[in-house]
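Everything on this sheet refers to the single structure shown next.
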2 protein chains.
Amino acid sequence: MAKLTIRDIAALSGLSKSTVSLVLNNSPKVDPATRRHVLAVMRRHRYVPSFAATALAKGSTRLIGMVVPGLSWHMVASINIGVAAVTERSGFDIILYTATNDRDYGSLIDRILTSSMASGLLVVSHEQPLEPLVQLHEEGLPVVLVNTIDADVALPSVTADNYDGALTAMDHLLQLGHERIACVQGRMTYRCCQDRYRGYLDSLRSAGLQPDPELTKPGDFLPEQIRSRSHELFALPADQRPTAVFAHSDVTAYAVMTAAAEAGLRVPEDVSVIGFDDIESAAQIRPPLTTIQQPFIDMGKRAAEMLLAEIGPTDDSSEADVVEPPAELPRLVMPTSLIVRASCGPVPVTRSPRGRSQTTKA
Amino acid sequence: MAKLTIRDIAALSGLSKSTVSLVLNNSPKVDPATRRHVLAVMRRHRYVPSFAATALAKGSTRLIGMVVPGLSWHMVASINIGVAAVTERSGFDIILYTATNDRDYGSLIDRILTSSMASGLLVVSHEQPLEPLVQLHEEGLPVVLVNTIDADVALPSVTADNYDGALTAMDHLLQLGHERIACVQGRMTYRCCQDRYRGYLDSLRSAGLQPDPELTKPGDFLPEQIRSRSHELFALPADQRPTAVFAHSDVTAYAVMTAAAEAGLRVPEDVSVIGFDDIESAAQIRPPLTTIQQPFIDMGKRAAEMLLAEIGPTDDSSEADVVEPPAELPRLVMPTSLIVRASCGPVPVTRSPRGRSQTTKA
DNA sequence: CTGAAAGCGCTTACAG
DNA sequence: CTGAAAGCGCTTACAG
């Protein structure tokens, strides 16, 4: 009943604690026979070394911290699945810090560092100032940013290629013949949304189209705002009305489609709508949403791999002074993919019986 | 740069480690003046006690384990928000175990217990055998089940009132005049789905209606299956076709609505659809989904509170032998709520020009 | 290849 | 109210 310690295992197998410890740490110095014996004893008694004692003696934990936003996002869950897949294979456990409003970030970060609770930090979709993190990183704590707003900070990061994703989305629309394409933005303080918007603009321009400011609407991921801004879009005179809209997220696209329906417009016959994310329901709604898929699970995996690499071999380089971080910061930008479903169609040839031309070449 | 230890703080404040430790642990025995002094020194040097050393010395960590399924569910994220809100207030951190297929459950559980890594376990939507957990619990590890399949096991738990939620959903439909109500089930190995189905059946019966086996369709949360089973439903002759369907989840409801549209049926004019969960997109799709909301955030909060209560005062009862678990297992069943939106309407008075009667009173 | 000893950074009786 | 000492369960040189 009482928990076994290394001393018990030592006694049970007729050896010293030192030797038992060596087999625990896979030392090659121990005789294969004795190693097998010790292992057998440990297994028989279901011995598991004390987490705390190991951490204290080694000076580091097998824990990586993961800070996530306090939002019920699809994204966080998916990223976590990827992270879990790689950490569990490496014997690391992850300790979860959920950002809530009450939580004081500065002291949280501080605590993680100084209590040496975690040997690395994965920061997911963080909206807080990043300075404390770069400082942490400079002091030697491995940190990698995942899908985080400001990717320009001096920290390793993995993000989706939001700019290219936007290009791809626009390309799809352009190839269907659309020229009056609206953009309903997400939260523009997020780097990812800025990138998507840049993609929207650049894509239009390189197609020789002049972006119409009238066709850009702030949405901020707020359903009500998206709905009313979309109504403005659809209330435009027939020749100014967009024939397609690029929404900065799937849920944004849902709201746009609702507004379209309320305006008596059919999707995709009268107006095409493309989203961004590819959440679970995107394939189930009607019409099934054409969207840009973000590789969240893979992003989680790669981020975890980068972090583990930064943490290093754990055993060897323990005291190798402050390991110099690689000169070039790893910045992984992962490709998105276009998922074609049914919410985008060819541009209506004649929007009204009058069949006005809608092109506005620059 | 080098991390400060309690010994440094002791030196810096001209006291012994013992005294410093006492202030760290809020002992009333230390002089208020010296306590203030020590506190000031610690703050000035941003001292944070070593996590591992504290854990070793105290014999317990301020960590609670949370095991979640490897699925990108809305639910998990929401429950976590609730859990985080209470744990952060109590100074506990949470260590996240994500269930993946590779992971060997038995040994995971074992490791948590024996390494005394966590002082309690929150088990969310677990699909694995629960026996190892009850054994763990009997050996003294606080455990609480959250939204877990089998709530009959001898473990504290918090779940949503799925049975009552189903009753409420059915009531809404019944009051709108529906009598031929179909049920598209979720994964029937889950206790929650069984409860929802029981609610469906009981509700029908107590309304004096004979459940028609023809109107129950397995869906198993599989979009394809849901779609094709729904088509069977909508292909029924007009007088046997359901006028409403109770779906075991929101995403299931989406798929049902798509099938309805494909069958040329309008929602809610021709057929009403009610979901279960209230995910983020439910309000954004068209028509906005009427559904039963599960209080995931609150469930997380209450579960965390229960666990913390079981873990106890942490400091005092450390060695009070095996604390007898309370004779009655706490089993919290939380109420759901009906969110009325637009996917359910009154039963069509005349479904076809012929105006056949559709009642099938038992 | 194995063992005795010191140490990791705290906490906790026990003296004073 | 404060300090010296032992102990928590490991790991890691250092001998042998």
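FYI, side chains are in, hydrogens and waters are out, and symmetry mates aren't considered; it's all heavy atoms of this structure. Here is the naming used below: chain letters follow the sequence lines, and residue numbers restart at 1 for every chain.
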Heavy-atom pair with the smallest gap, counting every atom of Ala55(B) and Ala52(A) = CB-CB, 3.6 Å
Gap between atoms CG and P, on Leu56(A) and dT12(D) respectively (whole Å) = 12 Å
Checking dT12(D), dG3(D), dT2(C) against the side chain of Ser16(B) (C-beta onward), the nearest is dG3(D)
Taking Arg62(A) for its side chain and Ser90(A) for its backbone only, find out whether a donor-acceptor pair lies under 3.5 Å.
-> yes
The side chain of Thr5(B) lies closest to which of these nucleotides: dC10(C), dG3(C), dT2(C)?
-> dC10(C)
Find the distance Arg7(B):CZ to dC10(C):C1' and express it as a whole number of Å.
-> 11 Å
Length of the CZ-C1' vector between Arg36(B) and dC1(D), whole Å | 14 Å
Go through the steps to decide whether Thr19(A) and Ser16(A) satisfy the test side-chain hydrogen bond (donor to acceptor under 3.5 Å, both in side chains), and finish with yes or no.
-> CA-CA 5 Å; Thr19(A) 305; Ser16(A) 70; 3.2 Å; yes
Value in whole Å for how far the C1' atom of dT11(D) lies from CD1 of Ile9(A) | 17 Å
Lys17(A) NZ to dC8(D) C1', straight-line distance once rounded to whole Å = 11 Å
Whole-Å distance separating the CG atom of Leu24(A) from the P atom of dT12(D) | 11 Å
Name the closest nucleotide to the Thr54(B) side chain, picking from dT11(D), dC1(C), dC10(C).
-> dC10(C)
Any donor-acceptor pair under 3.5 Å linking the side chain of Thr148(B) with the backbone of Ser125(B)?
-> yes
Taking only N and O in the side chain of Tyr47(B), is any of them less than 4.0 Å away from OP1 or OP2 of dC10(C)?
-> yes
May I ask you to evaluate whether Ser21(A) reaches the phosphate of dT11(D), defined as a side-chain N or O under 4.0 Å from OP1 or OP2?
-> yes
In whole angstrom, what separates Asn26(A)'s CG from dT12(D)'s C1'?
-> 16 Å
Please tell me which of the listed nucleotides, dG7(D), dT11(D), dT2(D), lies nearest to the side chain of Ala57(B)?
-> dG7(D)
Report yes if at least one side-chain N or O of Thr19(B) is closer than 4.0 Å to OP1 or OP2 of dG3(D); otherwise report no.
-> yes
All heavy atoms of Tyr47(A) vs all of Thr5(A), minimum pair found to be CE1-C, 3.8 Å
Give each protein N/O atom lying under 3.5 Å from an N/O atom of nucleotides 13-16 of chain C, with the pair distance.
none

In whole angstrom, what separates Leu4(B)'s CG from dC8(C)'s C1'?
-> 16 Å
For Leu63(A), does its backbone N or O pair with a side-chain atom of Ser119(A) as donor and acceptor, under 3.5 Å?
-> yes
Testing Val158(B), Leu121(B), Leu122(B), Val153(B) for side chain to side chain contact (heavy atoms under 4.5 Å, CB included) with Leu145(B), which one passes?
-> Val153(B)
